[in-house]
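Below is one structure, written out as structure tokens; the observations come after it.
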Amino acid sequence: MARRKRTVAMLLAGGQGSRLGVLTATRAKPAVTYGGKYHIIDFPLSNCTHSNIDTVGVLTQYRPLELNTYLSTGSAWDLDTMDGGLFVLPPFVKEKSGAWYSGTANAIYQNIDFIDHYDPETLVILSGDHIYKMNYKWMIDFHREKEADATISVISVPLEEASRFGIMNANDDMRIVEFEEKPLRPKSTLASMGVYAFNWDVIRKYLIKDVEDPDSEGDFGKNIIPAMLAAGEKIYAYNFGGYWKDVGTVESLWEANMELLTDFPPLNLYDDPWKIYSRNWSDPPQFIDESAEISNSIICEGCRIYGTVEHSVLSSGVIVGKGAVVRDSIIMKDTTIEEGAAVNMSIIDEEVVVGAECVIGAHHESGEDKRITTIGKSVTLEKGRRVEAGEEVRHDS
Amino acid sequence: MIRDAFGLINGGVERRNLRELVDSRAVGALPIGCRYRAIDFPLSNMVNSGIRNVGVIASRNYSSLMNHLGSGKSWDLSRKSDGVTVITPYSVRGSTGTYRGEVEALKSSMDFIVHAKQEYCIISSVDYVFTGAFDDMMRRHVESGADITALYHIVGRHGDTDRYEETFFDFGEDGRINVIEFNPRNTRLKARDLRTYIIRKDLLILLVEESYAKGELGFTKDLLRNNLNRLRIIGFEHEGYVGTLFDVASFFKVNMDLLDQDLMREIFLSKNRIYTRVMDSVPAKYMKDSVVKNSLIANGCIIEGEVKNSLLFRNVHVGPNVVLKNCIVFKETEIGEGSDLEYVILDKNVSVRKGTRLIGNAEFPMVIKKQGTV
């Protein structure tokens, strides 16, 4: 029998993130690169470690190879502990049947045995889609103080954007009286962050009941929370005041990266006590050549820069050749920008070769075209190729 | 891949001419190339050769070394059997803590040597910086039937000078080493001992016990030289780059050498990767007015000023309007606004006040001690 855990976290990492286009063609969204050396999943995992949550189940489904390889034993996040740790939980075959995870709640339902094994008082549900630093312990403390059955972490969004989110209508005590999924006329600006705390014995019953409902989509936002509210369970909203960024679209991913380039970024990665952990490799230091010009950029180890890099984020092992110019772009691991190429307003995935004299993305001079160009993993662009603003290039095409 | 050998690295060599740089660290823990330590080179060479059992002999100031090695995981040496073992001083009766010579260090490591399961031993040192696997050397050792094979390099090949006192070999017609000159004042010999040897374990035990009993404590100077006639001792040439960590100037040179494109390719981009303890540093950030030329930069740095021909270790902050030329800056050092530094080695956690001007030169780089404020 495992030692009973007070808190267990389940991280939903099976989503495709189809709005990221070619960037999630080969990997699940939580494995998408952010800030040069990080992957989106580093944020919830590091938050768990710093919040003293040492038992984390990671639910995978869509293209899990890259994510699984990255997670490995969980040691990068200090989650290779003796009586807890990081567990990758893919869908599996049962005695009589087997099924994919049909929704967020369904994925948790299918892993009831895993959670029962630790028999926690509080179950925390996280998603692998967001960039934020959060002490889950504060939310859990709030949840226990309020003697709530469920607590939903919320963030204030501008009223005009509220219709894109799941909106909570709460009373003065922050008890949720109504929940509306993407309302046309939002009554409040408290948006769900996809971070929940549940009493395990309560949510367990709802998960089992939900599966019996053939009309249910097995989703926390659409099915479980409304069912709990209807039954009069105590659900509270926990107000999170920090930086929280959904990087679900090419534009928002680009924007979140560019925010790191300001003098005082809204998200401080240099925060030592709340360091974001990630897998680290023994790459050599970055080499900046005599002919290089770099300003306003973030660059990782293993890069070799001979050209110009302006206002860009470069992951490890990127080579920028002589005379090449990279502006307002994100270049992922081990990509080479050959001599004289120009890359502007683009996100270029891993192991891409941008041939010499290629011109990628919007014209820099005009500066008006804000459409972002994306180049998929392992694409090789032959010399002199022109890729227009907003275009997407895939490996097969 | 070598499977039947264990490694021994003498991490406790004494190099007093490294001055302040070794006040609070062992030579093996000296920072090299923005993110490595001296011991990463012999240790990675062994790992790249397939060796899975390595003893690191520590003497003075070894906490820096222990801290760096940890469980050995970064070198893939955190294994169920074997892995990396730090052989601490005073751990056996008769260990003297600081060693008067390599033979004494080996004698104090006898427990480790005796219990090693492998047939051969590869001994290496931390004060020579080179990369490469030992497979070819091992093959030669076994095929030639030699008792001991010593690795050497030809001085002057990579623009290095031979002004340092060291050990040189001469060879007979049969390829055997027949002359060993120790600290020659003037020598025509070009083959310099790299303090890296292959020897059968049982022979090593025998020779160390014998040499130690006679009070002969130097490995090359005594143990090898006294056995030139009795044993077949051959040389094996290392053709690549060799840097040395004998004094401040040579330490400075090894680091600056890494800015050379060809050498960078040899050291950093060959199949023999250098492994080091990895840490969770943020990527480096280049601010709006930064000017960086011909430099190696580690993660975690924030650069606002100008950096030329320099090496920055982790988490260095170069303030606005700083001019940094030909400098080596260890981790977590802060260089205040408007400072002007040339040929300076800034040890870790140094604070350079605003507007400070420090100028050294390549032969005598200025050293600012760990945690100092200037």
Side-chain angles (χ1 to χ4, degrees), chain A residues 34-38 42 46 49 73 75-78 80 257 260-265 267-272 275-306 309-319, chain B residues 31-36 40 44 47 71 73-76 78 255 258-261 264-265 267-270 273-304 307-315 317 320 332:
Chain A
Y34 162 83
K37 70 174 284 189
Y38 305 99
D42 290 333
S46 301
T49 307
T73 62
S75 64
W77 304 271
D78 237 354
D80 53 339
N257 275 280
L260 289 173
L261 300 176
T262 53
D263 283 358
F264 299 99
L267 178 81
N268 180 15
L269 292 171
Y270 293 83
D271 171 9
D272 229 29
K275 197 180 251 182
I276 300 305
Y277 300 125
S278 60
R279 285 283 291 277
N280 291 280
W281 282 272
S282 288
D283 284 318
Q286 43 196 283
F287 173 67
I288 315 300
D289 187 64
E290 193 66 45
S291 59
E293 309 261 356
I294 305 175
S295 66
N296 247 328
S297 295
I298 281 177
I299 298 182
C300 289
E301 270 153 352
C303 286
R304 280 176 289 150
I305 315 295
Y306 303 88
V309 180
E310 266 180 40
H311 199 251
S312 295
V313 177
L314 272 55
S315 296
S316 65
V318 170
I319 301 170
Chain B
I32 312 266
C34 297
R35 60 172 308 180
Y36 305 99
D40 293 336
S44 301
V47 170
S71 66
K73 198 177 158 200
S74 298
W75 298 265
D76 223 357
S78 174
N255 278 285
L258 294 173
L259 290 171
D260 177 80
Q261 294 281 305
M264 210 178 295
R265 219 153 280 143
I267 301 282
F268 293 141
L269 305 173
S270 80
R273 280 177 63 186
I274 316 162
Y275 299 96
T276 189
R277 181 181 167 211
V278 291
M279 295 200 257
D280 288 272
S281 298
V282 183
K285 190 166 180 183
Y286 297 75
M287 306 301 269
K288 200 160 96 319
D289 299 317
S290 72
V291 177
V292 182
K293 303 275 180 190
N294 193 39
S295 295
L296 285 165
I297 314 284
N299 273 0
C301 290
I302 300 179
I303 305 170
E304 300 185 72
V307 179
K308 283 187 175 158
N309 311 323
S310 296
L311 283 86
L312 307 187
F313 286 73
R314 277 164 219 280
N315 305 340
H317 180 209
E332 267 128 47

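Hydrogens, waters and symmetry mates are skipped; everything else that's a heavy atom, side chains included, is used. Protein chains get the first letters and strands the later ones, always in sequence-line order, with residue 1 at the start of each. Treat the numbers as computed from the prediction; the structure is a model and nothing was measured.
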Which of A:Ser291, A:Ser316, A:Gly36, A:Ala292 touches chain B most, by non-hydrogen pairs under 4.5 Å: A:Ala292
Best-contacting candidate, A:Ile298, A:Leu260, A:Val309, against chain B by heavy atom pairs under 4.5 angstrom: A:Ile298
Examine whether an atom of [X] lies under 4.5 Å from a heavy atom of chain A, and if so say whether it belongs to the side chain, the backbone or both; otherwise answer neither.
| X | value |
| --- | --- |
| B:Arg277 | neither |
| B:Phe313 | neither |
| B:Met264 | side chain |
| B:Gln261 | side chain |
| B:Asp40 | neither |
| B:Ile302 | side chain |
| B:Leu269 | side chain |
| B:Lys308 | neither |

Report the distance from atom [atom1] of [X] to atom [atom2] of [Y], rounding to the nearest 0.5 Å.
| X | Y | atom1 | atom2 | value |
| --- | --- | --- | --- | --- |
| B:Asp280 | A:Ser278 | CG | OG | 5.0 Å |
| B:Phe268 | A:Arg304 | CZ | CZ | 11.0 Å |
| A:Ser297 | B:Ile303 | OG | CD1 | 11.0 Å |
| B:Ile297 | A:Phe287 | CD1 | CZ | 10.0 Å |
| B:Met287 | A:Ile294 | CE | CD1 | 14.0 Å |

Check: A:Pro265 and B:Lys285 side chains under 4.5 Å, non-hydrogen atoms: yes
Can you name the nearest heavy-atom pair linking [X] to [Y], along with the distance?
| X | Y | value |
| --- | --- | --- |
| A:Glu301 | B:Arg314 | OE2-NH1, 4.1 Å |
| A:Lys37 | B:Asn299 | CD-ND2, 4.3 Å |
| B:Lys73 | A:Ser75 | NZ-OG, 3.0 Å |
| B:Tyr36 | A:Pro285 | CE1-CD, 3.9 Å |

A:Lys275, part contacting chain B, at a heavy-atom distance under 4.5 Å: side chain
Donor-acceptor pair, side chain of B:Arg35 and main chain of A:Ser282, under 3.5 angstrom: no
Test item: B:Lys293 side-chain N/O and A:Ile288 main-chain N/O as donor-acceptor pair under 3.5 Å: no
Partners meeting side-chain contact (heavy atoms from CB on, under 4.5 Å) with B:Asn315 (sequence neighbours left out): B:Ser281, B:Glu332
A:Asn296: partners by side-chain contact (heavy atoms from CB on, under 4.5 Å), with sequence neighbours left out: A:His311, B:Lys288
